[in-house]
Amino acid sequence: MKKVFCPKCAQPLSFDESKYPEGKVLAFLCPRCGARFKVKLGRKEARPAEEEEREAIEPEIPCGSIGVIENAFAYKQELPLRLGDNVIGRKNKDTDGVDVPIVTSDPSMGRKHCVINVRQDAGGRFIYTLRDFPSLTGTFIRNTLVGKKERVRIDGGEIVTIGATTFILRSANPDEMEDS
């Protein structure tokens with residue numbers, strides 16, 4: 001028996017994987033929340049030990065995250081940010097170049113909608129800058145449209161809306177108060 005988890009509510013679902021060939025795509029309906037999702041059967045490739053050692057030696061610096069607010073299109077998600085440009089957009093199997101993919105069915109969110117740049121100043125504090133990718137529906141900070149070529153500095157607790165989806169910036173600066 002194989003166990004999969006609902007991406008919306010984390011409800012475990014079990015099935016007999018031996019009844020299906022490798023590479024088969026199975027569709028599931030979560031009995032708890034009604035979410036529909038697919039799982040492709042196959043073997044995970046083992047990662048070389050060298051890669052695992054490198055990750056253990058060079059840990060990713062926590063640079064903050066975005067917290068997606070649950071709505072009719074998306075469930076609650078916490079997605080990490082990294083240093084440099086973080087392209088944010090709708091997760092799609094054909095989307096390349098998105099660093100922070102939001103799992104959503106929001107048709108008004110672009111595959112590449114906006115960019116949050118994360119950098120550190122000389123004191124080690126994180127500085128966050130937001131810009132539109134450009135998208136068709138725009139990027140909003142506290143219900144104010146960000147101009148097509150405008151770069152706006154944002155702080156922890158800032159509310160950003162892309163399409164019909166809203167997220168909150170969660171800063172990695174320890175002294176920043178957040179309204180979430």
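No experiment lies behind these values; they were computed from the predicted model shown. One-based numbering along the sequence shown.
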| query | Should the heavy atoms of other residues, nucleotides or ligands under 6.0 Å from CG of D121 be counted, would the total exceed 12? | reply | yes
| message | Please check if the number of heavy atoms outside K76 that lie under 6.0 Å from its NZ is greater than 12. | response | no
| query | Shortest non-hydrogen contact from P101 to K91? | reply | CB-CB, 3.7 Å
| said: Ring-plane angle category for F15 and F28, please: parallel below 30°, perpendicular beyond 60°, tilted otherwise. | reply: tilted
| field | Separation of S108 OG from H113 NE2 (nearest 0.5 Å) | value | 7.5 Å
| message | Working to the nearest 0.5 angstrom, can you tell me the gap between L81 CG and I66 CD1? | response | 6.0 Å
Short question: side chain of [X], backbone of [Y] - any donor-acceptor pair under 3.5 Å?
X: N86; Y: D99; value: no
X: R32; Y: A35; value: no
X: D132; Y: K148; value: no

| Who else is in the cluster with V103 when I, L, V, M, F, W and Y are joined by side-chain contacts under 4.5 Å? | Y75
Which pairs of donor and acceptor atoms, one on a side chain in residues 155-164, lie under 3.5 Å apart (sequence neighbours left out)?
from, atom 1, to, atom 2, distance (Å)
E158, OE2, R142, NE, 2.4
E158, OE2, R142, NH2, 2.8
T161, OG1, T166, OG1, 3.2

| Side chain proximity check, V118 to I127, heavy atoms < 4.5 angstrom | no
| query | Are R90 and D106 within salt-bridge range, i.e. N to O under 4.0 Å? | reply | no
| Under the side-chain contact (heavy atoms from CB on, under 4.5 Å) test, which residues partner K40, sequence neighbours left out? | V25
